Amino acid sequence: MCGIVGYIGPRNVKDVVVGGLAKLEYRGYDSAGVAALADGNIRIVKAVGRLANLEEKLAQMPISGHVAIGHTRWATHGKPSDENAHPHQDCSGRFAIVHNGIVENYLSLREELVALGHEFRSETDTEVVAHLIEEMYNGDLFETMIAVGKRIRGAYALVVMAKDHPDEMIAIRRASPMIIGLGEKENFVASDIPAILEYTRDIYVMEDGEMAVLRRDGVECFTMDGEPVKKEVYHVTWDAVSAERGGYPHFMLKEIHEQPRAVRDTLRGRVSDDLSRVELPELGLAEEDIRAIDRIHIVACGTSWHAGLVGKAAIETFARIPVNVEIASEYRYADPIVTDRTLILAITQSGETADTLAAMREMKKRGVRVVAITNVVGSSAAREADSTIVTWAGPEIAVASTKAYTTQLVALYLLAVRFGLARGTLAEEKAREVLAALDDLPQVVEQVLDTAPQIESFAKRYKDAHDTFFIGRGMDYAVSLEGALKLKEISYIHAEAYAAGELKHGTLALITDGVPVIALAMQPELYEKTLSNIVEVKARGAFVLGLTWVGNEDLEKTVDEVIYLPKTMPLLAPVAAVIPLQLLAYYAAVARGNDVDKPRNLAKSVTVE
Ligand code: F6R
């Protein structure tokens with residue numbers, strides 16, 4: 001899980017490559033490095049830690065040339081260190097490579113190469129590729145890379161440059177994402193579009209099993225067997241500025257505040273003007289296809305999995321189809337029971353999560369229809385699914401997912417209503433009511449954002465807590481899980497979510513004087529039961545922050561502090577209720593001095609299993 005940038009052209013290579021890497025730091029950031037080819041020599045500079053460390057080194061040891069590659073790393077094989085940072089080289093220093101992914105057969109290759117006399121400098125799986133190139137090189141870099149591609153197994157996006165080939169660079173893609181940027185007398189390769197958007201908007205999206213030869217005056221694409229491939233140019237229309245912080249101190253806060261817009265965009269054009277129908281032609285499912293579905297398996301990871309839990313409730317309520325919500329990394333090895341009437345719903349913001357993709361591929365192999373819900377057009381999930389619903393959240397840069405989650409919920413509500421209407425399980429009148437409530441959500445979200453100062457004040461007071469508990473029933477429990485994950489991942493405060501009625505079966509033992517409990521009471525039908533559970537934690541000395549709908553002052557009698565949120569349909573309440581929890585995690589992390597957008601040990605796009 002790393003970011004790659006390569007450049008060939010007349011510009012200052014350091015600016016292009018390091019600038020591109022800065023846009024890819026969300027992919028991982030425990031070390032970084034660049035290699036540039038000038039005067040017949042490859043010069044490499046690497047530094048452990050953030051990109052700023054590399055920039056400091058580059059100020060002392062400048063690089064120049066017309067061909068360069070760079071890398072920002074998220075360690076898989078070998079600890080973060082200067083030696084393990086990419087680019088890697090062979091023994092002779094004639095080749096330099098950067099790699100995103102995992103070479104699965106690296107141990108056997110390493111043994112083979114060591115026996116042939118190669119000397120390794122790092123613990124990485126990547127370095128074997130550099131030595132393999134050296135071993136197999138026959139004077140023709142293109143032919144050599146075809147041969148090397150046949151020897152390595154696993155997932156990889158690789159870019160190689162060679163001393164003897166100063167006018168070209170070769171990129172290979174299998175499973176890990178990679179795009180080519182097309183310029184005038186210059187060309188680019190990168191793991192993702194933001195890295196090159198400053199220079200070009202015309203790109204090729206590399207498909208699995210493709211390779212490209214980049215020269216200053218053109219790019220040629222091939223299969224891994226060297227057969228030419230004709231690529232379509234994809235013109236990127238989104239704005240580079242939308243990927244910048246836009247005045248907020250952190251991307252996460254910006255993205256939290258973008259949610260009214262993101263929800264509105266995800267609804268746009270999908271609800272008929274008279275609020276009676278959902279338009280999702282991209283699903284590619286006719287009425288009879290929808291009626292034929294007898295089970296849905298939602299597969300996802302992390303926050304997207306939490307969205308799936310809400311999706312299950314919506315689909316089961318409106319469409320009466322049984323839904324399992326599965327953790328993708330477990331699902332693929334569980335030999336799930338599926339038939340030709342099963343539908344797989346893969347939810348993945350990035351569209352590149354290895355576990356989710358693997359589960360999708362396994363199901364596709366079995367002939368099961370796969371629909372992806374993703375935020376990234378052109379991502380692997382979008383390309384490999386039978387059909388895709390795009391969430392229009394816009395690029396999400398902060399590692400902690402916020403606007404992607406709320407837009408996933410919106411996509412799931414739309415799908416549930418679409419299915420309910422097609423199957424006749426959702427009355428037209430009820431559908432109108434749901435669609436009207438969905439239509440109101442952007443305003444609801446705006447009002448919820450007004451609670452930010454109250455949450456900031458709570459977060460400052462509770463920043464030193466060691467443990468926090470989130471409790472709720474039904475939809476509130478699903479949101480509690482997401483609230484606890486957000487708090488853990490960016491504030492590093494230990495947090496647990498519990499179905500409120502479950503506490504007394506063990507966890508209540510952990511509730512002592514002053515332990516903060518965030519109690520969600522957004523479901524009127526479950527209110528009284530939840531209240532009893534809140535009374536139980538209060539009796540053990542907990543400090544309770546309650547979340548409930550405007551008008552339910554009753555909660556104030558029991559809890560220490562209340563946040564009032566606009567009332568909406570209970571099934572849609574997660575969209576409102578999650579926002580104070582995102583803000584709580586954010587302000588707690590800021591109060592503790594954490595790097596909010598780049599929490600330790602995590603990366604935005606998890607492309608390893
Ligand atoms: C947490 C978070 C992760 C992701 C998970 C799946 O804030 O962002 O839990 O939700 O890694 O990622 P995607 O949705 O890209 O498949």
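The chain is numbered in sequence order, starting from 1. Each ligand, and each atom within it, is numbered from 1 in the order the structure gives. What you are looking at is a predicted structure, and each value in this text was computed from that prediction instead of being measured. Note that these values count all heavy atoms, side chains included, but never hydrogens, waters or copies made by symmetry.
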Are there any N/O pairs under 3.5 Å between ligand 1 and the protein, and if so, what are their distances?
residue  : atom   : partner : partner atom : Å
ligand 1 : 7 (O)  : T303    : OG1          : 3.3
ligand 1 : 7 (O)  : S401    : N            : 2.9
ligand 1 : 7 (O)  : K486    : NZ           : 2.9
ligand 1 : 7 (O)  : E489    : OE1          : 3.4
ligand 1 : 7 (O)  : E489    : OE2          : 2.4
ligand 1 : 8 (O)  : V399    : O            : 3.4
ligand 1 : 9 (O)  : T303    : N            : 3.1
ligand 1 : 10 (O) : T303    : N            : 3.1
ligand 1 : 12 (O) : T353    : OG1          : 3.4
ligand 1 : 14 (O) : S304    : OG           : 2.5
ligand 1 : 14 (O) : Q349    : N            : 2.6
ligand 1 : 15 (O) : T348    : OG1          : 3.4
ligand 1 : 15 (O) : Q349    : N            : 3.4
ligand 1 : 15 (O) : S350    : N            : 2.8
ligand 1 : 15 (O) : S350    : OG           : 2.6
ligand 1 : 15 (O) : T353    : OG1          : 3.3
ligand 1 : 16 (O) : T348    : OG1          : 2.6
ligand 1 : 16 (O) : T353    : OG1          : 2.5

Q: Tell me whether the centres of the aromatic rings in H306 and Y405 are closer together than 6.0 Å.
A: no
Q | Residue of the set Q259, E482, K403 for which side-chain hydrogen bond (donor to acceptor under 3.5 Å, both in side chains) holds with Q582 | A | Q259
Q: Cation-pi check, R592 to Y492: give yes when NZ or CZ is under 6.0 Å from the six-membered ring centre and within 45° of the ring axis, no otherwise.
A: no
Q. Strictly under 6.0 Å, is that where the ring centroids of Y462 and F543 end up?
A. yes
Q: Quick one: sort the Y248 and H257 rings into parallel, tilted or perpendicular, breaks at 30° and 60°.
A: parallel
(Q) If the condition is side-chain contact (heavy atoms from CB on, under 4.5 Å), which residues does R50 pass it with, not counting sequence neighbours? (A) E25, Y29, D595, K598
